[in-house]
Amino acid sequence: MDLGLDGKIALVTGSTAGIGFAIAKQLAREGATVYVNGRTRERVDRAVAAIGGANVSGVAADVSTRAGTDALVAQVPRVDVLVNNFGTFDIKPVLEIPDEEWLRFFEANVLSGVRLSRAYVPGMLQKKWGRVIFISSESAIQIPAEMVHYGMTKTAQLAVARGIAESFPASGVTVNSVLAGPTDSEGVGAFLESMALRAGTSKQKVADQFFATARPSSLLKRFATTDEVASMVTYLCSEAASATTGSSVRVDGGVIRSIA
């Protein structure tokens, strides 16, 4: 299938590893001109080299801050595809999360995408074609008690994506969110390794215990690969997905039990 991405300009934030890297790689393979983004030049350069190809470039900028976002937009003034993948998470009891952490998470996970959408959507509207994707999580629907502040930001992303889509009907610009489930990204792998080391057991046993206790509703019963999530995102970025907008699309392995 020709996804119609050849020659499109795509920016994927937080794309030096994990889901973001997989998305950038797949978009590049579909012929898009892809900008990889991360906070350090070293990691950006490494990711660009790993993807390869003349259609891949990198921009080092911290989109969790307004200054960092402005610096990125100055270097990449126009895009056809914006994937708001950058985000942060942490495990902390809800009553121990200070105001500063709530605000930091909101700025990093929500305002980063808001600011970039505000910068790039006008150009998409002028061309009457564009794609905006917010990488959310199953945690947006089933808020995890161990990281309520993270879940709050993932829910907010769904509202923002739907609101932007509602604001520009019949425009040729689609805006969607993707609810990723437990995914075997770089950060998750390191977390499982550390848990296994502390418990004196194997990484696989820790993973099995996670699905038995923390995510028992999973139908997949394993971590999704980053490529599995990226495949859905790549489709939503494509010409083929032109009738999908204002939607929250699940790649959650069946974790979310509701059917609506």
- Item | More than 12 heavy atoms from other groups under 6.0 Å of NZ on Lys221 | yes
- Query: Heavy atoms, side chains only, cut-off 4.5 Å: are Phe210 and Met195 in contact?
  - Reply: no
- Message: If you define the side chain from C-beta out and look only at heavy atoms, does anything of Thr226 sit under 4.5 Å from Asp184?
- Response: no
- ILVMFWY cluster, Ile133 and Leu27 together (side-chain gap under 4.5 Å): yes
- Message: With a 6.0 Å cut-off (strictly less than), is the heavy-atom count around CD of Glu42, excluding the residue itself, greater than 12?
- Response: no
- Item | Minimum-distance pair of heavy atoms, taken over all atoms of Ser217 and Gln142 | OG-NE2, 4.0 Å
- Which atom pair, heavy atoms only, marks the closest approach of Thr174 to Ala241? CG2-O, 4.5 Å
- Message: Whether the side chain of Thr65 engages the backbone of Asp62 through a donor-acceptor N/O pair (distance < 3.5 Å, no angle test) should be reported.
- Response: yes
- Item | Any donor-acceptor pair under 3.5 Å from Thr183 side chain to Gly181 backbone | yes
- Message: Nearest 0.5 Å, please: how far is CG in Leu82 from CG in Asp80?
- Response: 11.0 Å
- Shared ILVMFWY cluster between Val36 and Phe86, side chains joined below 4.5 angstrom? no
- Distance-minimising heavy-atom pair for Gly18 and Ser185: CA-CB, 4.1 Å
- Roughly how far, to the nearest 0.5 Å, is CG of Leu179 from CE of Met232? 11.0 Å
- Charged N to carboxylate O under 4.0 angstrom, Arg104 versus Glu101? yes
- Go through Asn84 and Val63 one step at a time and tell me if the side-chain contact (heavy atoms from CB on, under 4.5 Å) criterion holds. CA-CA 10 Å; Asn84 293 306; Val63 297; over 6 Å; no
- Item | Check: Asn37 side chain, Val59 main-chain N or O, donor-acceptor pair, under 3.5 Å | yes
- Could you walk me through whether Asn109 and Phe89 pass side-chain contact (heavy atoms from CB on, under 4.5 Å), step by step? CA-CA 9 Å; Asn109 294 1; Phe89 75 97; over 6 Å; no
- Between the side chain of Thr155 and the main-chain N/O of Ala140, is any donor-acceptor distance below 3.5 Å? yes
- Message: Do Pro93 and Leu95 have side chains that approach each other closer than 4.5 Å (heavy atoms only, starting at C-beta)?
- Response: no
- Item | Co-membership, hydrophobic cluster, residues Leu103 and Val160, 4.5 Å side-chain | no
- Item | Arg222, CZ atom: more than 12 neighbouring heavy atoms under 6.0 Å | yes
- Query: Do the side-chain N and O atoms of Ser177 and Ser248 include a donor-acceptor pair separated by under 3.5 angstrom?
  - Reply: yes
- Message: Students often mix this up, so state it plainly: with edges at 30° and 60°, are the rings of Phe105 and His149 parallel, tilted or perpendicular?
- Response: parallel
- Task: Answer yes or no: are there more than 12 heavy-atom neighbours, outside Arg41 itself, under 6.0 Å from its atom CZ?
- Result: yes
- Message: For the backbone of Gly14 and the side chain of Asn85, can you confirm whether one donor and one acceptor N or O come within less than 3.5 Å of each other?
- Response: yes
- Message: Can you tell me how far apart OG (Ser218) and CZ (Arg257) are? Round to the nearest 0.5 Å.
- Response: 10.0 Å
- Query: Could you give the distance from CG (Asp70) to CZ (Arg115), rounded to the nearest 0.5 Å?
  - Reply: 8.0 Å
- Message: Side chains of Gln26 and Asp227, heavy atoms from C-beta outward: is any pair under 4.5 Å?
- Response: yes
- Message: Less than 4.5 Å apart, side chain to side chain, heavy atoms only: is that true for Trp102 and Val148?
- Response: yes
- Taking side chain as C-beta onward, heavy atoms only, is Leu220 less than 4.5 Å from Phe211? no
- Is there a donor-acceptor pair under 3.5 Å between the side chain of Arg250 and the backbone N or O of Glu138? no
- For the side chain of Asn176 and the backbone of Leu236, is there at least one donor-acceptor N/O pair under 3.5 Å apart? no
- Val73 to Ala119 - nearest heavy-atom pair and separation: CG2-CB, 3.8 Å
- Task: Decide side-chain contact (heavy atoms from CB on, under 4.5 Å) for Met124 and Val79; before the verdict, give the C-alpha distance in whole Å, the side-chain angles of both, and the deciding distance to 0.1 Å.
- Result: CA-CA 8 Å; Met124 298 178 187; Val79 301; 4.0 Å; yes
- With distance as the sole test, does Glu193 use its side chain to make a donor-acceptor pair with the main-chain N or O of Lys203 at under 3.5 Å? no
- To the nearest 0.5 Å, atom NZ of Lys127 lies from atom CZ of Arg78 at 4.0 Å
- Message: Grouping I, L, V, M, F, W and Y whenever their side-chain heavy atoms are under 4.5 Å apart, do Leu72 and Ile9 come out in a common cluster?
- Response: yes
- Would you please test Cys237 and Val83 for side-chain contact (heavy atoms from CB on, under 4.5 Å) and show each step? CA-CA 9 Å; Cys237 291; Val83 182; 4.0 Å; yes
- Identify the two heavy atoms, one from Ala240 and one from Tyr235, that lie closest to each other, and give their separation to 0.1 Å. O-OH, 3.5 Å
- Note on the structure: Here the gap from Thr69 atom OG1 to Glu107 atom CD, rounded to the nearest 0.5 Å, amounts to 8.0 Å
- Between Thr13 and Tyr35, is any pair of side-chain heavy atoms under 4.5 Å apart? no
- Task: Might you point out which heavy atoms bring Val175 and Thr245 nearest each other, and give the distance in Å?
- Result: N-OG1, 3.0 Å
- Please answer: with hydrophobic residues joined when any side-chain heavy atoms are less than 4.5 Å apart, are Ile143 and Ile141 in the same cluster? no
- Task: Check whether any side-chain heavy atom of Thr88 sits under 4.5 Å from a side-chain heavy atom of Thr153, and report yes or no.
- Result: no
